[in-house]
Chemist: 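One structure follows; several queries about it will come next.
Numbering starts at 1 and runs along the sequence shown. These numbers come from the heavy atoms of this one structure, side chains and all, not from hydrogens, waters or symmetry mates.
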Amino acid sequence: MTRRWLQPLGRALARYLSQPLPHYAPAATSSPAALLATLQPADVLLVEGNTRVSTAIKYLTQSTWSHAALYVGDVLVDHHNWENPPVLVEVDMVHGCQAVPLSKYAAFHTRICRPVGLSEQDRRRVVDYAIARLGQAYDLKNLLDLARYLLPVLPVPSRFRRQMLSLGSGEPTKAICSTLIAQAFQAVGYPILPRVIRRRNGSSRSEKDCYTSRHPSLYTPRDFDISPYFQVVKPTLELGFDYRGLQWERAEEDRREAMESPADGSPLKKGVEPRGA
């Protein structure tokens with residue numbers, strides 16, 4: 001009986017939390033064309049969300065990023081969707097694990113995080129891992145927990161914020177956005193933010209680093225940004241940026257006038273040098 005009551009409640013809450021906030025629109029920092037030309041399979045695309053649940057995630061993680069998706073390339077492209085192909089695998093609280101086109105986030109602030117040194121074989125394995133889970137449901141228990149943190153004022157000590165995101169039922173058929181991506185990378189032994197423990201190297205006095213994986217539910221979108229093993233890739237710079245080629249709208253005479261005017265904005269009299277000249 002309890003589960004029958006929670007399922008419709010969870011779905012209704014999911015629809016409510018996934019609605020965009022009024023008067024809030026993240027600014028896109030990369031065009032869809034630039035993103036598509038830069039992304040590589042197994043790249044993680046971070047998104048600054050504009051929904052109600054994004055507010056809770058950004059608050060708890062003290063980060064700009066509230067959502068993460070995995071770029072899988074053109075493996076899902078066919079003749080039905082070649083104009084707007086699904087190239088991202090993500091977990092959405094309403095639709096579960098799904099493939100979506102890059103155009104979904106055309107108007108959003110995004111960031112590319114690229115695993116460094118990942119072999120082509122392991123890239124395919126990460127992509128295949130995510131694709132194999134298409135259709136899985138979102139963890140509805142996560143929604144009930146996250147809803148508690150949508151109050152206007154809720155002071156949460158920083159040491160507890162990560163634990164608060166360790167939510168969910170832990171069932172293998174349910175996942176949240178960061179959890180699924182973390183599981184995909186852990187499946188090939190690629191680190192995100194592992195715990196590092198110093199241990200003595202056998203009988204010698206030297207020490208070595210031993211790595212311990214965190215539970216996948218503890219990972220957040222922010223972790224891919226701050227991970228020392230993921231490179232932040234900016235499409236504008238990757239595609240070749242030269243500031244000298246920018247076309248500014250300000251007219252040349254306005255530029256000269258601005259350069260000749262004093263710092264306080266008062267008009268400069270002829271024959272009178274500004275103070276400090």
Chemist: Can you give the donor-acceptor pairs under 3.5 Å from side chains of residues 98-106 to other protein atoms, not counting sequence neighbours?
Modeler:
{"unit_1": "Q98", "atom_1": "NE2", "unit_2": "E90", "atom_2": "OE2", "d": "3.3"}
{"unit_1": "S103", "atom_1": "OG", "unit_2": "N84", "atom_2": "OD1", "d": "3.0"}
{"unit_1": "S103", "atom_1": "OG", "unit_2": "N84", "atom_2": "ND2", "d": "3.1"}
{"unit_1": "K104", "atom_1": "NZ", "unit_2": "E90", "atom_2": "OE2", "d": "2.5"}
{"unit_1": "Y105", "atom_1": "OH", "unit_2": "H67", "atom_2": "NE2", "d": "3.3"}
{"unit_1": "Y105", "atom_1": "OH", "unit_2": "E90", "atom_2": "OE1", "d": "2.4"}

Chemist: Give a yes or no on whether a salt bridge exists between R125 and D122, defined as a side-chain N under 4.0 angstrom from a carboxylate O.
Modeler: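 A salt bridge is present here (some side-chain N lies under 4.0 Å from a carboxylate O).
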Chemist: Side chains of I181 and F224, heavy atoms from C-beta outward: is any pair under 4.5 Å?
Modeler: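 Sidechains of F224 and I181: in contact.
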Chemist: To the nearest 0.5 angstrom, please state how far the CD atom of Q40 sits from the CG atom of L118.
Modeler: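 The CD atom of Q40 sits 10.5 Å away from the CG atom of L118.
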Chemist: Quick one: salt bridge (Lys or Arg N to Asp or Glu O under 4.0 Å) pairs with a partner in residues 65-89, sequence neighbours left out?
Modeler: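 Checked against salt bridge (Lys or Arg N to Asp or Glu O under 4.0 Å) - neighbours excluded - no pair reaches residues 65-89.
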Chemist: Residues in side chain to side chain donor-acceptor pair (under 3.5 Å) with R123, at least two apart?
Modeler: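 R123 satisfies side chain to side chain donor-acceptor pair (under 3.5 Å) with no other residue.
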Chemist: Locate the shortest heavy-atom distance separating V126 from A42; write the atom from each residue and the value.
Modeler: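 Of all heavy-atom pairs spanning V126 and A42, the closest is CG1-CB, 4.2 Å.
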Chemist: Quick one, I112 and V44 - any side-chain contact, counting heavy atoms below 4.5 Å?
Modeler: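 No, every pair of side-chain atoms sits at 4.5 Å or beyond.
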Chemist: Is the shortest side-chain heavy-atom distance between L76 and L134 below 4.5 Å?
Modeler: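 Side chain of L76 against side chain of L134, heavy atoms only: contact under 4.5 Å found.
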Chemist: Side-chain contact, heavy-atom cut-off 4.5 Å: V196 with Y211?
Modeler: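 In short, these two side chains touch, coming nearer than 4.5 Å.
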Chemist: Please check if I226 and L46 belong to a single hydrophobic cluster, counting links between Ile, Leu, Val, Met, Phe, Trp and Tyr side chain heavy atoms closer than 4.5 Å.
Modeler: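 Yes, I226 and L46 fall within the same hydrophobic cluster.
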Chemist: Under the side chain to side chain contact (heavy atoms under 4.5 Å, CB included) criterion, do R114 and T38 qualify, and how do the steps go?
Modeler: CA-CA 10 Å; R114 177 167 296 160; T38 306; 4.2 Å; yes
Chemist: Taking the six-membered ring for Trp, are F185 and F230 ring centroids under 6.0 Å apart?
Modeler: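 F185 vs F230: aromatic centres under 6.0 Å.
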Chemist: Kindly write out the residues that satisfy salt bridge (Lys or Arg N to Asp or Glu O under 4.0 Å) with K234, not counting sequence neighbours, or none if the list is empty.
Modeler: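 Checked K234 against salt bridge (Lys or Arg N to Asp or Glu O under 4.0 Å); zero matches.
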Chemist: Under the side chain to side chain donor-acceptor pair (under 3.5 Å) test, which residues partner S178, sequence neighbours left out?
Modeler: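 Partners of S178 by the side chain to side chain donor-acceptor pair (under 3.5 Å) criterion come out as none, since no residue qualifies.
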Chemist: Any idea which heavy atoms bring G73 and V87 closest together, and the distance?
Modeler: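 Shortest heavy-atom separation between G73 and V87 comes out as O-CG1, 3.4 Å.
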Chemist: Are the side chains of P228 and L193 in contact, using a 4.5 Å heavy-atom criterion?
Modeler: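 With C-beta onward as the side chain, the pair touches.
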Chemist: How close do L35 and S30 get, counting heavy atoms only, and between which atoms?
Modeler: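 Taking L35 first and S30 second, the nearest heavy atoms are CG-CB, 3.9 Å.
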Chemist: Considering only heavy atoms from C-beta outward, does the side chain of V89 approach that of C97 to under 4.5 Å?
Modeler: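 SC-SC contact between V89 and C97 confirmed.
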Chemist: For L45 versus L88, what's the shortest heavy-atom pair and its separation?
Modeler: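 So the two residues come closest at CD2-CD1, 3.9 Å.
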Chemist: Mind listing the closest non-hydrogen atom pair of H109 and T64 along with its distance?
Modeler: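 So the two residues come closest at CD2-CG2, 3.9 Å.
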Chemist: Does P41 have any side chain to side chain contact (heavy atoms under 4.5 Å, CB included) partners at least two apart in sequence or in another chain, and if so, which?
Modeler: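 Only Y71, V127 meet the side chain to side chain contact (heavy atoms under 4.5 Å, CB included) criterion with P41.
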Chemist: Stepwise, does the side chain to side chain contact (heavy atoms under 4.5 Å, CB included) test hold for V233 with D43?
Modeler: CA-CA 10 Å; V233 180; D43 281 355; 5.8 Å; no
Chemist: Kindly say whether R222 contributes a backbone atom to a donor-acceptor pair with the side chain of D225 at under 3.5 angstrom?
Modeler: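 Between the backbone of R222 and the side chain of D225 there is no qualifying donor-acceptor contact (under 3.5 Å).
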Chemist: To the nearest 0.5 Å, what is the distance between CG on D223 and CH2 on W65?
Modeler: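 Those atoms lie 14.0 Å apart.
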Chemist: Can you tell me how far apart CG (L218) and OG (S213) are? Round to the nearest 0.5 Å.
Modeler: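 Between L218 CG and S213 OG, I get 11.5 Å after rounding to 0.5 Å.
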Chemist: Just so I know, are the side chains of V75 and I131 near enough to count as touching, which here means a heavy-atom distance under 4.5 Å?
Modeler: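 SC-SC contact between V75 and I131 confirmed.
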Chemist: Parallel, tilted or perpendicular: which one describes the rings of Y190 and Y229, with boundaries at 30° and 60°?
Modeler: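 Y190 and Y229: perpendicular rings.
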Chemist: Tell me, do Y129 and L180 make a side-chain contact under 4.5 Å, heavy atoms counted?
Modeler: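 A side-chain contact under 4.5 Å exists here.
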Chemist: Please check: side-chain N/O of Q186 versus main-chain N/O of R214, any donor-acceptor pairing under 3.5 Å?
Modeler: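 Yes; judged by distance alone, with no hydrogens or angles, the pair exists.
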